[in-house]
There are 2 protein chains.
Amino acid sequence: MLSTSGMMSTMSASKGGRSAYHHGDLRNALVEAATELARGDGPEAVVLREAARRVGVSATAAYRHFANQADLLQAVKVRGQRELADSMQRGVEAAPGGGDKQQAARDRLWQIGRGYVRFALAEPGLYRAAFCRVPHVSDHPWDEGQPDAAEHGEEYRSFDMLVETLDGMEAAGVMRPGVREGAEFAAWSAVHGLVMLILDGPLSRLPEPVRDAVIDRTIGTVVAGLTREPVRS
Amino acid sequence: MLSTSGMMSTMSASKGGRSAYHHGDLRNALVEAATELARGDGPEAVVLREAARRVGVSATAAYRHFANQADLLQAVKVRGQRELADSMQRGVEAAPGGGDKQQAARDRLWQIGRGYVRFALAEPGLYRAAFCRVPHVSDHPWDEGQPDAAEHGEEYRSFDMLVETLDGMEAAGVMRPGVREGAEFAAWSAVHGLVMLILDGPLSRLPEPVRDAVIDRTIGTVVAGLTREPVRS
DNA sequence: AGTCCATGTTGACATCGTTAACTTCCCCGG
DNA sequence: CCGGGGAAGTTAACGATGTCAACATGGACT
């Protein structure tokens, strides 16, 4: 009953409900188009008029589904977060997973980290959109107050995966004593910062091999900072 | 003899050179105004027309001194970086500095980190501007090719301070063996990422005491990851 | 059959970045 | 001393964007 997917009250349109005037699934179509814009050139490329243009609809039609272009951007953000989490999920599932339990717990942190960075570098525009500042989502009546309770409702699933991983490390007894609390933020900060410095910042011109080494070094530092023993490369 | 400060070829104006028509120091005035805009609301608030308006000059006058608004933004970026480095410098200088040599080397990393974060939280808009993506500085004749050699000419002094600190740690023998290379990027990534998550991202709503704890935890993790022995809180 | 309202449309406005063409004023050589 | 030339500023205009107000359409439900 939230405002998530196209679930308008009385409306037959769901599959072929397009009558050349009433699109039938405009909201999703717009989010789709806007997402492609972000994928191409980041959040600043998410321009409402262009998204509408691509869907073949007038610009103002978008205002039937979004309060703002900020609101549209917010939708793109959510999609970006989802794609990030999905990508990481696939990466983790396709992992070897052998060896002893303790090593596995450590390895999982590595995999999570590498999966995170891999997605960001593969989809720079979308990643930047997923973490961009969204100016101000003006609240419309149908936009029932932003979900403030529940901390973050389903978005930031990538963060949840990180939390689970760290819990697993603690359970396996590989974690340095007393560092569990807040470790998720430390780890997240490191990979997010690394990605941002590479994407927008001063590390953008690093030659690829150096870049990859830096990535491993950064993740390695975090792992070393959180675990009891130093880890092999 | 680069394009840094107001050093126009044949021009008397330097102090009182304002004749109501020829401003005399427009470039600096514009950078100043633009910097204030950024300080207030971040890089997206750096709008060329508004900066010109505040200086009391027509919008197009800015194009005598900047190729683009991107160019203007770039100038703000440089200023932001300088303010960051200055702030960190002051913080480091006002440090106790007692105790044994090894502990001092470790402490300095803490101070650098905290100083970095402190500035970012005190000047969020300017910090975001200092690390924002700048679209494309169209090159004008008087804008003699961007400095690509010398890696980064004087900007990112904060980074240089970090490098010196890490060198000091290695010299003092407190650094975990084999981790020196790339350590600057790992450390930078952690604090930068932390700041971005707090400023623009999902950590923005953290209550202040929790936030401060997270900051210490993040820096602590990096320090632990780079040094031989665990460190006191 | 008739009506209501969600959904789209057209038209207009303010703001922004940017270019073109014109104006001022100061420096420098004759 | 004076007159030209160019640096530095100005006004006018264009295209693009976000957004609002007023109008059109057509499916769903009485």
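Numbers restart at 1 for each chain; the letters A, B, ... are given by sequence-line order, proteins then strands. Both backbone and side-chain heavy atoms feed into the values below; hydrogens, waters and symmetry mates do not.
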Undergrad: Take the protein atom CG of N28(A) and the nucleotide atom C1' of dT7(C), then report the distance between them rounded to whole Å.
TA: 15 Å
Undergrad: List for me each residue that meets salt bridge (charged side-chain N to carboxylate O under 4.0 Å, His left out) alongside D212(A), sequence neighbours excluded, and say none if there are none.
TA: none
Undergrad: For nucleotides 16-18 of chain C, tabulate all protein N/O to nucleotide N/O atom pairs closer than 3.5 Å, reporting atom names and distance.
TA:
unit_1  : atom_1 : unit_2 : atom_2 : d
dC16(C) : OP2    : R53(B) : NH2    : 2.7
dG17(C) : OP1    : L48(B) : N      : 3.2
dG17(C) : OP2    : L48(B) : N      : 3.4
dG17(C) : OP2    : R49(B) : N      : 3.1
dG17(C) : N7     : R49(B) : NH1    : 2.3
dG17(C) : O6     : R49(B) : NH1    : 2.9
dT18(C) : OP2    : Y63(B) : OH     : 3.0
dT18(C) : OP2    : Q69(B) : N      : 3.0
dT18(C) : O5'    : Y63(B) : OH     : 3.4
dT18(C) : O4     : R49(B) : NH1    : 3.4

Undergrad: Does E164(A) have any side chain to side chain donor-acceptor pair (under 3.5 Å) partners at least two apart in sequence or in another chain, and if so, which?
TA: none
Undergrad: Ignoring hydrogens and angles, tell me if any N or O in the side chain of Q69(A) forms a donor-acceptor pair with the backbone of L48(A) under 3.5 Å.
TA: no
Undergrad: Compile the donor-acceptor pairs under 3.5 Å between side chains in residues 182-199 of chain B and protein atoms, sequence neighbours left out, one pair per line.
TA:
unit_1  : atom_1 : unit_2  : atom_2 : d
E184(B) : OE1    : R180(B) : NH1    : 2.6
W188(B) : NE1    : Y116(B) : OH     : 3.1
S189(B) : OG     : F185(B) : O      : 2.7
H192(B) : ND1    : Y127(B) : OH     : 2.6

Undergrad: Sequence neighbours excluded, which residues qualify as side chain to side chain donor-acceptor pair (under 3.5 Å) partners of R90(A)?
TA: none
Undergrad: Rounding to a whole Å, what distance do you find between R64(A):CZ and dT25(D):C1'?
TA: 12 Å
Undergrad: Between C1' on dC20(D) and CZ on F66(A), what's the gap in Å once rounded to a whole number?
TA: 19 Å
Undergrad: Think H65(B) has a side-chain N or O under 4.0 angstrom from the OP1 or OP2 of dG9(D)?
TA: yes
Undergrad: Please report, to 0.1 Å, the donor-acceptor pairs under 3.5 Å made by any side chain of residues 29-43 of chain A, with sequence neighbours excluded.
TA:
unit_1 : atom_1 : unit_2  : atom_2 : d
E32(A) : OE1    : R79(A)  : NH1    : 3.3
E32(A) : OE1    : R79(A)  : NH2    : 3.4
T35(A) : OG1    : V31(A)  : O      : 2.6
E36(A) : OE1    : R39(A)  : NE     : 3.3
E36(A) : OE2    : R39(A)  : NE     : 3.3
E36(A) : OE2    : R39(A)  : NH2    : 3.2
R39(A) : NH1    : E83(A)  : OE1    : 3.2
R39(A) : NH1    : E123(A) : OE2    : 3.1
R39(A) : NH2    : E83(A)  : OE2    : 3.0

